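For clarity, every value in this text was computed on a predicted model and none was experimentally measured. Side chains are part of it too, since the values below use all heavy atoms of this structure and drop only hydrogens, waters and symmetry mates.
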There are 2 protein chains.
Amino acid sequence: MATSSIKEQVYQELSRVTHAISNPKRMELIDVLSQKSYSVEELSNEITMSMASTSQHLQVLKSAKLVDSYRQGNFIIYSITDDSVLKLVSVVKELGFRKIAEIERLIGDFKADKNILESITLDDLLARSKKEKIILIDVRPEDEYKAGHIPNAVSIPLAQLKKRLNELPKNRTIIAYCRGPLCVMSADAIKLLNQRKFTAIRMEDGYVEWKLKQHEINKN
Amino acid sequence: MATSSIKEQVYQELSRVTHAISNPKRMELIDVLSQKSYSVEELSNEITMSMASTSQHLQVLKSAKLVDSYRQGNFIIYSITDDSVLKLVSVVKELGFRKIAEIERLIGDFKADKNILESITLDDLLARSKKEKIILIDVRPEDEYKAGHIPNAVSIPLAQLKKRLNELPKNRTIIAYCRGPLCVMSADAIKLLNQRKFTAIRMEDGYVEWKLKQHEINKN
DNA sequence: AGTCTATTCAATGATTTTGTTGAATAGTTG
DNA sequence: CAACTATTCAACAAAATCATTGAATAGACT
């Protein structure tokens, strides 16, 4: 049957896309690349895996057209092909978190990092910043901040936070964000700030989520 | 390292979602279920696979919380858990088609079904229906129409089309849709209608795409 | 209660995926 | 052009996936 064959081919092709991120390490790669382009070596460190394996995973992602690469000097730089990939990651997270949330509810665990749960969303941020003057800090590595950040955010990478506490006011609310819902950098930042008697809240959304929101607004 | 372990678990969980649809048959199952709930037996026929295998695939989807099931008399009915699943499928198709389109461009093939390419989108439909009075027909099985359809659409399942041609006018533009971009039912309908000298165009989007559009509009 | 039937479970072998190590490649830089 | 280096290729063994067949289950009807 010709129809069936075409149909099969199409579903085959579609599942190749999801197969590409059906592996935890590849999912992580895509998530890291959502922030900014990186070389194979950097990625290999980030996901703690041998370069050879990292390279292979990247090739799988490339063949599914989720990432692209170009050469820069000695390095090969990988990046996300376009913003539909961001959407894909965002939807998968949405679906994945339903499950994770349920597991946590069942186990009753996750108390150790409970302050991670006390976080606001992008919408909260926008609403809140209209009422009061808040300080928004981006605690990702500086490179990622430079590659793009939420307007009015100040870059204070987590690693530098301890030394730069004097730049922050104690009479204002500080909101910290990082790579998005999966990332713990902002949670660490909040922990430190609260210890030092700052008023600080974590925002779970990151730059990617902000960017996707812009897309939506522009469309309508 | 505790952090790394949590991180790994999270990515593991996220990739379980994508793993669930990283198989062509499971992708097809989700796509079919996007239209309407079905029993295991019906699904098994639809995707031409043994009941045992179909059941197993459904369980994978269920454990990823992409589908849910309940009993109705002798049958177990499977359905999509919620509309985020529709979003997932929609994004995956968007990404998958980039690849498919490129392959077709490279091979230069696909001439046999060329009229599939001459199709309009949901936006085109909306714009066009403001200017002229068009006839919109839904050629999916009647069950799926009953489960939900685009407003003002008339149900004429593909199987009945030949007998019901007299219900359609020749002096108006007829637009046919089915399950969405992957589905060939509307293409078959267009072929028949054009042979019989109707003015008929295929719309590649289906009810699911319409529904997702409503969500977006409601959000802003 | 007993039969019937849709669905699920279990076991199997063929095939694919995974991550590693060590060698090969290609391209840059001095 | 020679040396260097980041990246990719190749080969391997362990582990996971896939679709099938045949048996088991669980619930619905008479």
Side-chain angles (χ1 to χ4, degrees), chain A residues 4-5 7-9 11-30 32-33 37-64 66-79 143, chain B residues 4-5 7-9 11-30 32-33 37-64 66-79 143:
Chain A
S4 157
S5 171
K7 190 173 77 175
E8 274 164 31
Q9 278 179 287
Y11 283 116
Q12 180 89 42
E13 194 52 50
L14 291 188
S15 63
R16 200 160 305 170
V17 171
T18 44
H19 165 82
I21 51 171
S22 74
N23 170 291
K25 291 293 185 185
R26 286 199 293 266
M27 186 74 201
E28 194 177 351
L29 281 172
I30 284 285
V32 173
L33 286 173
S37 307
Y38 278 109
S39 71
V40 179
E41 191 179 18
E42 291 170 312
L43 290 170
S44 155
N45 290 331
E46 186 73 36
I47 70 169
T48 49
M49 178 171 246
S50 74
M51 294 240 315
S53 300
T54 305
S55 173
Q56 283 188 52
H57 282 311
L58 286 167
Q59 281 164 66
V60 174
L61 291 172
K62 191 174 181 179
S63 88
L66 296 178
V67 306
D68 236 339
S69 66
Y70 62 94
R71 178 174 278 269
Q72 190 175 79
N74 261 328
F75 299 90
I76 303 241
I77 308 292
Y78 277 87
S79 60
D143 280 355
Chain B
S4 156
S5 170
K7 191 173 77 172
E8 275 164 30
Q9 278 179 287
Y11 282 116
Q12 179 87 43
E13 193 53 51
L14 291 189
S15 63
R16 199 160 305 170
V17 171
T18 43
H19 164 82
I21 51 171
S22 73
N23 170 290
K25 291 294 186 185
R26 286 199 293 267
M27 187 74 204
E28 193 176 352
L29 281 172
I30 284 285
V32 173
L33 285 172
S37 307
Y38 278 110
S39 71
V40 179
E41 191 180 18
E42 291 171 311
L43 290 170
S44 154
N45 290 331
E46 185 73 36
I47 70 169
T48 47
M49 178 172 248
S50 73
M51 293 241 314
S53 299
T54 305
S55 173
Q56 283 189 48
H57 281 312
L58 286 168
Q59 282 163 64
V60 174
L61 291 172
K62 191 174 180 178
S63 87
L66 295 178
V67 307
D68 236 337
S69 67
Y70 62 93
R71 178 174 279 270
Q72 190 175 78
N74 261 328
F75 300 88
I76 304 241
I77 309 292
Y78 277 86
S79 60
D143 281 354

Residue pairs involving residues 47-58 of chain A (criterion salt bridge (Lys or Arg N to Asp or Glu O under 4.0 Å); sequence neighbours excluded):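 Applying salt bridge (Lys or Arg N to Asp or Glu O under 4.0 Å) to every pair that reaches into residues 47-58 of chain A, excluding sequence neighbours, yields nothing.
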Tell me the salt bridge (Lys or Arg N to Asp or Glu O under 4.0 Å) pairs involving residues 53-64 of chain A, sequence neighbours left out?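 For residues 53-64 of chain A: none.
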B:Lys25 and side-chain contact (heavy atoms from CB on, under 4.5 Å): which partner among B:Thr54, B:Leu43, B:Ile30, B:Thr48? B:Thr48
Taking only residues two or more places apart in sequence or in another chain, which ones pass side-chain contact (heavy atoms from CB on, under 4.5 Å) with B:Ser63? none
Listed partners of [X] passing side chain to side chain donor-acceptor pair (under 3.5 Å), at least two apart:
| X | result |
| --- | --- |
| B:Ser55 | B:Gln59 |
| B:Ser44 | none |
| A:Gln12 | none |
| B:Tyr78 | none |

Donor-acceptor under 3.5 Å (B:Ser15 side chain, B:Tyr11 main chain):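 Yes, B:Ser15 side chain to B:Tyr11 backbone: donor-acceptor pair under 3.5 Å.
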Without swapping roles, check the side chain of A:Arg71 against the backbone of A:Ile76 for a donor-acceptor pair under 3.5 Å. no
Side chain of B:Met51 only, please: which of C:dA6, C:dT21, D:dA19 is the nearest? C:dA6
Of all residues at least two apart in sequence or in a different chain, which pass the salt bridge (charged side-chain N to carboxylate O under 4.0 Å, His left out) check with B:Glu41?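 In terms of salt bridge (charged side-chain N to carboxylate O under 4.0 Å, His left out), with neighbours along the sequence ignored, B:Glu41 is linked to no residue.
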Tell me, which of residues 55-62 of chain B have any heavy atom that sits under 4.0 Å from an atom in DNA chain D? B:Gln56, B:His57
Got a list of protein N/O to nucleotides 22-27 of chain C N/O distances below 3.5 Å?
none

Contact list please: residues 22-30 of chain A against DNA chain C, heavy atoms, distance less than 4.0 Å, in numerical order. A:Asn23, A:Arg26
The helix from C:dA1-D:dT30 to C:dG30-D:dC1: angle between end helix axes, five pairs per end, rounded to 10 degrees: 40°
Under 4.0 Å, heavy atoms only, any strand: does B:Thr54 hit a base, just the sugar-phosphate, or nothing? nothing
Is B:Tyr78 close enough to C:dT8 that one of its side-chain N or O atoms is under 4.0 Å from OP1 or OP2 there? yes
